[in-house]
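I have placed the structure first, in the form of structure tokens, so that the comments after it can refer back to it.
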2 protein chains.
Amino acid sequence: MMKRMNATTKTSDLTRQKMLEAAFAEIHRNGFQAASVSQILLDTGLTKGALYHHFPDKKTLGLAVIDEVIRPFMTAMMFAPLLETEQPLSTLQALLQSKSMFNDPAEVMLGCPLNNLMQEMSPVDETFRVKLNALFQDWVDVVAAALKRGQQASEVRQDVLANDTAFFIVSALEGCIGMSKNTQSVAAFNGCLMQLSHYLETLKATKTAA
Amino acid sequence: MMKRMNATTKTSDLTRQKMLEAAFAEIHRNGFQAASVSQILLDTGLTKGALYHHFPDKKTLGLAVIDEVIRPFMTAMMFAPLLETEQPLSTLQALLQSKSMFNDPAEVMLGCPLNNLMQEMSPVDETFRVKLNALFQDWVDVVAAALKRGQQASEVRQDVLANDTAFFIVSALEGCIGMSKNTQSVAAFNGCLMQLSHYLETLKATKTAA
DNA sequence: CTTGACACATACCAACCGGTATGTATGATG
DNA sequence: CATCATACATACCGGTTGGTATGTGTCAAG
């Protein structure tokens with residue numbers, strides 16, 4: 001008698017998820033403000049009744065995209081590999097060289113969803129800014145924590161300021177992605193990452209250290 | 001009999017200039033797509049008749065802002081100091097430390113106008129992308145040329161790839177500005193610039209070189 | 001003084017936007 | 001079977017947008 005309905009199989013949750021993903025794609029293409037609710041509905045084949053049943057308004061939908069799409073993506077992609085490593089520099093180098101960052105070349109030209117939203121929404125809406133900045137700060141904290149572990153493991157020089165350096169690494173990476181998105185050149189992107197890679201090398205502890 | 005009317009004093013050019021600057025401010029605050037034509041008119045005290053007399057449409061106005069406001073600004077601010085220097089690293093360091101980059105703290109939170117527009121418009125409109133990328137590429141070229149001069153003058157290491165490095169420097173700087181705009185922290189911004197400064201130091205030629 | 005082009009102002013429009021009000025099919029529950 | 005909430009679909013609304021059509025003041029030329 002009890003129908004099977006865990007969190008993932010309930011049909012209403014599936015439609016909700018479909019809308020979140022369609023909204024993410026639309027926002028990724030056009031930004032949040034220019035994202036068309038109608039287009040999201042066209043993409044999903046759903047209607048306004050469906051959307052506004054699950055979300056009170058467009059803004060809430062956008063915030064939900066951050067929490068339920070972008071954050072999990074970033075967590076799996078960028079946070080996870082760094083969470084327990086004691087060689088953060090090696091791990092970061094591997095991350096930079098992993099081609100997974102631009103599997104789909106079309107996706108590269110759209111840039112980093114997090115950065116896109118930060119640039120657009122932070123000056124315009126405080127709610128967005130706080131949520132986006134929390135995600136960004138989490139990222140920086142993950143990198144900083146990894147750098148500190150690297151210092152204890154003597155992979156990282158003792159005199160590097162973990163927090164500032166982590167902030168810079170993430171900023172420079174986002175900068176590289178952003179600039180390459182305009183240039184539309186994978187070569188330029190790789191060249192840029194190479195320089196970032198060189199910078200990471202300068203953080204390495206000298207072999208002579210204890 | 002001949003009225004004094006050089007390029008700057010003609011009244012119609014003044015109104016045009018007023019609109020360009022108001023448009024720049026509005027775009028800087030809200031991005032191009034979200035920029036309201038009506039708001040620009042309110043700011044200038046002018047009307048639609050005036051605007052559409054000087055510009056055929058909103059898009060042309062936006063492109064004119066890039067050519068006639070942003071480009072001159074960037075040229076004076078970032079290009080000029082690098083144009084003939086033979087110590088690019090010192091010049092760049094000075095540029096980074098010059099507080100002129102954030103005279104008005106409110107302006108900092110709005111980010112770099114060039115980068116803002118690139119992030120927003122490049123994936124959405126090819127005309128914008130080409131024009132913005134040309135300006136960005138000019139910037140990179142100026143830095144690259146300076147680095148090459150620095151190599152001849154033995155301030156810069158011979159093994160640095162001027163073009164890639166210039167691209168990275170500009171990208172990282174834009175990244176720092178962008179991230180700090182979200183964080184809304186001048187301290188974070190300065191910390192980020194400090195790391196960029198450290199990176200620049202690693203480009204210095206060793207004293208022992210010829 | 002007249003003319004006519006330029007530089008705007010005023011009034012207005014069609015299109016589209018996010019959001020709402022309401023109708024309906026489904027399915028669980030008592 | 002009756003009831004009632006959930007999960008949507010359909011139709012529509014007020015507001016705003018970029019853009020246009022037209023009117024008007026100014027000013028230089030003839």
Side-chain angles (χ1 to χ4, degrees), chain A residues 1-27 29-65 120-121 124-125 127-128, chain B residues 1-27 29-65 120-121 124-125 127-128:
Chain A
M1 51 190 56
M2 226 198 304
K3 272 261 284 275
R4 193 65 58 99
M5 56 169 66
N6 58 41
T8 57
T9 46
K10 240 178 65 182
T11 67
S12 84
D13 285 352
L14 285 180
T15 53
R16 185 190 147 94
Q17 194 62 27
K18 260 177 60 175
M19 284 190 300
L20 280 174
E21 286 167 15
F24 167 77
E26 170 73 3
I27 292 173
R29 285 191 298 262
N30 297 57
F32 174 75
Q33 303 182 87
S36 162
V37 168
S38 308
Q39 187 59 50
I40 296 174
L41 299 177
L42 283 179
D43 291 346
T44 57
L46 295 170
T47 60
K48 288 207 172 180
L51 200 162
Y52 285 95
H53 170 75
H54 288 283
F55 305 95
D57 51 29
K58 185 191 179 187
K59 177 174 170 177
T60 305
L61 170 63
L63 295 174
V65 165
E120 176 191 5
M121 297 305 295
V124 145
D125 185 289
T127 314
F128 269 89
Chain B
M1 50 191 56
M2 227 199 300
K3 269 262 282 276
R4 195 63 58 98
M5 54 168 68
N6 57 41
T8 58
T9 46
K10 237 178 67 184
T11 67
S12 85
D13 285 354
L14 286 180
T15 53
R16 185 191 147 92
Q17 194 63 27
K18 261 178 60 175
M19 284 191 300
L20 281 173
E21 287 168 14
F24 166 77
E26 171 72 4
I27 292 173
R29 284 190 298 262
N30 297 50
F32 174 76
Q33 303 181 88
S36 163
V37 168
S38 308
Q39 186 59 49
I40 296 174
L41 299 177
L42 283 180
D43 291 346
T44 56
L46 295 169
T47 60
K48 290 208 169 176
L51 200 163
Y52 284 94
H53 170 73
H54 287 281
F55 304 95
D57 52 29
K58 184 191 177 186
K59 176 175 172 177
T60 304
L61 170 64
L63 295 173
V65 164
E120 177 192 4
M121 297 305 294
V124 145
D125 184 288
T127 314
F128 268 90

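By convention in this document, chain letters (A, B, ...) are assigned in the order of the sequence lines, proteins followed by strands, and residues within each chain are numbered from 1.
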Rounded distance in Å - CE (A:Met19) to C1' (D:dC8): 10 Å

Under-4.0 Å side-chain N/O to phosphate OP1/OP2 contact, A:His54 with D:dT6: no

Contact pattern, 5' to 3', of nucleotides 9-25 of chain C - B, S or - by protein heavy atom under 4.0 Å: BB------SBBB-----

Pair B:Arg29 + B:Asp43: basic N to acidic O under 4.0 Å: yes

All pairs passing salt bridge (charged side-chain N to carboxylate O under 4.0 Å, His left out) where residues 48-64 of chain B contributes a residue, at least two apart: B:Lys59-B:Asp125

Nearest-Å distance for atom pair CZ/P, residues A:Phe55 and D:dA7: 13 Å

Spacing of B:His53 atom NE2 relative to D:dG23 atom P, expressed in whole Å: 18 Å

Nearest-angstrom distance from the residue atom CG of B:Leu41 to C1' of D:dT17: 12 Å

B:Thr15 vs C:dC8: side-chain N/O to OP1/OP2 distance below 4.0 Å: yes

From CG (B:Asp13) to CG (B:Leu20), nearest 0.5 Å: 10.0 Å

Length of the CD-P vector between B:Gln39 and D:dG15, whole Å: 19 Å

Partners meeting ring pair (Phe, Tyr, Trp, His ring centres under 6.0 Å) with A:Tyr52 (sequence neighbours left out): none

Expected output: side-chain A:Glu26 to main-chain A:Gln39 donor-acceptor under 3.5 Å: no

Point-to-point distance, once rounded to the nearest 0.5 Å, from CD of B:Gln33 to CG of A:Asn30: 7.0 Å

